[in-house]
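Have a look at the structure below before the remarks.
Per chain, numbering begins at 1; letters A, B, ... match sequence-line order. What you see is a predicted model, and the numbers here were worked out from it, not measured in a lab.
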Amino acid sequence: SQQGEEDPQALSIQEGENATMNCSYKTSINNLQWYRQNSGRGLVHLILIRSNEREKHSGRLRVTLDTSKKSSSLLITASRAADTASYFCATDASGSARQLTFGSGTQLTVLP
Amino acid sequence: GAVVSQHPSWVICKSGTSVKIECRSLDFQATTMFWYRQFPKQSLMLMATSYEGSKATYEQGVEKDKFLINHASLTLSTLTVTSAHPEDSSFYICSARDSGGAWDTQYFGPGTRLTVL
């Protein structure tokens, strides 16, 4: 079942601007991951943040996690046209199988 | 990094036929693999969890007799869509967990686009 909700559903910005996407979830998690998907393609893993972490950086990406609010945000700084894609958060809840539950996704369009 | 392949990358079939999709972990062993389905402009929905050497577990609402899963080796899981119908047309994505790696890391395949006419 879908656990995460993301907002906005769609985001359009100019190249060079920052893009912020938010993800909310419902149950306790072990970690939260962000993925990117270009149209009709597979998933690219961007970053994983564990439940005991509050912030993580990777290049132009910054992820925050607030377990008290059950929410996370992904910030892409200095966006490029090549960042145009759908972005999904995915939560890894308790359970031995380590199943991921994906959010609804944000479609990001970066205009040149 | 770890690589997961899927075959075929796309398939078109007639209604009523069965289609088999393969998911392979190329450079690691995977006791657990996952199958997802994604409809256009929607998110990924977990269909089932595949375990090497035992029965898969299916998510609520997914018919196990329609979506047959076989995970006969540590590097291969197959999903067979039986008696496919147009409503089964979708993007099917698998992922695999590295049995010898970090417990929280999954590697995704590139997906298989199924079109049922």
Side-chain angles (χ1 to χ4, degrees), chain A residues 1-10 21 23-25 27-53 56 58 63 65 85-109, chain B residues 1-7 9-10 21 23 30-52 54-62 71 77 90-99 101-115:
Chain A
S1 61
Q2 201 93 19
Q3 170 168 230
E5 293 296 324
E6 292 181 57
D7 75 272
Q9 287 188 336
M21 289 158 267
C23 167
S24 62
Y25 56 92
T27 64
S28 296
I29 60 171
N30 294 305
N31 65 62
L32 185 144
Q33 304 177 40
W34 284 90
Y35 289 85
R36 164 190 161 143
Q37 184 181 38
N38 287 79
S39 181
R41 301 282 190 162
L43 296 178
V44 174
H45 183 262
L46 296 177
I47 198 164
L48 179 153
I49 186 165
R50 294 196 166 84
S51 59
N52 61 352
E53 297 176 308
K56 207 162 182 180
S58 177
V63 168
L65 179 64
S86 292
Y87 291 82
F88 296 94
C89 66
T91 51
D92 178 344
S94 60
S96 60
R98 298 294 177 227
Q99 299 161 336
L100 291 178
T101 303
F102 282 81
S104 51
T106 294
Q107 172 60 51
L108 173 66
T109 302
Chain B
V3 176
V4 173
S5 70
Q6 281 184 241
H7 178 80
S9 55
W10 59 270
I21 302 170
C23 177
T31 54
T32 308
M33 292 185 174
F34 305 91
W35 287 96
Y36 297 86
R37 180 167 53 184
Q38 184 181 33
F39 292 109
K41 298 191 184 302
Q42 293 188 25
S43 187
L44 281 76
M45 296 294 289
L46 180 67
M47 298 175 66
T49 302
S50 167
Y51 301 97
E52 186 267 337
S54 65
K55 291 183 179 180
T57 58
Y58 291 80
E59 295 301 297
Q60 193 172 7
V62 178
H71 192 155
S77 175
S90 187
F91 195 50
Y92 291 86
I93 303 175
C94 73
S95 70
R97 190 164 67 86
D98 185 347
S99 304
W103 55 264
D104 53 8
T105 301
Q106 290 185 29
Y107 302 96
F108 282 81
T112 296
R113 185 160 304 281
L114 170 64
T115 302

**Asked** Can you tell me how far OG1 of A/Thr101 sits from CD of B/Glu59, rounded to the nearest 0.5 angstrom?
**Response** 7.5 Å
**Item:** Flag side-chain contact, heavy atom, 4.5 Å: A/Leu100 against B/Tyr36
**Value:** yes
**Message:** Keeping B/Ser43 on the side-chain end and A/Gly103 on the backbone end, is there a donor-acceptor pair under 3.5 Å?
**Reply:** yes
**Request:** Give the C-alpha distance, both sets of side-chain angles, the deciding distance and a yes or no for side-chain hydrogen bond (donor to acceptor under 3.5 Å, both in side chains) between B/Gln38 and A/Gln37.
**Result:** CA-CA 12 Å; B/Gln38 184 181 33; A/Gln37 184 181 38; 2.8 Å; yes
**Complete:** Residues at least two apart in sequence or cross-chain that pass salt bridge (charged side-chain N to carboxylate O under 4.0 Å, His left out) with B/Lys55, listed by chain then number, are none
**Item:** CD/A/Gln9: more than 12 non-hydrogen atoms of other groups inside 6.0 Å
**Value:** no
**Request:** Could you grab the distance from atom OG of A/Ser86 to atom NZ of B/Lys41, nearest 0.5 Å is fine?
**Result:** 8.0 Å
**Prompt:** CD/A/Gln99 to OG/B/Ser95 distance, rounded to the nearest 0.5 angstrom?
**Reply:** 10.0 Å
**Complete:** For A/Phe102 and B/Leu44 the tightest heavy-atom approach is CB-O, 3.7 Å
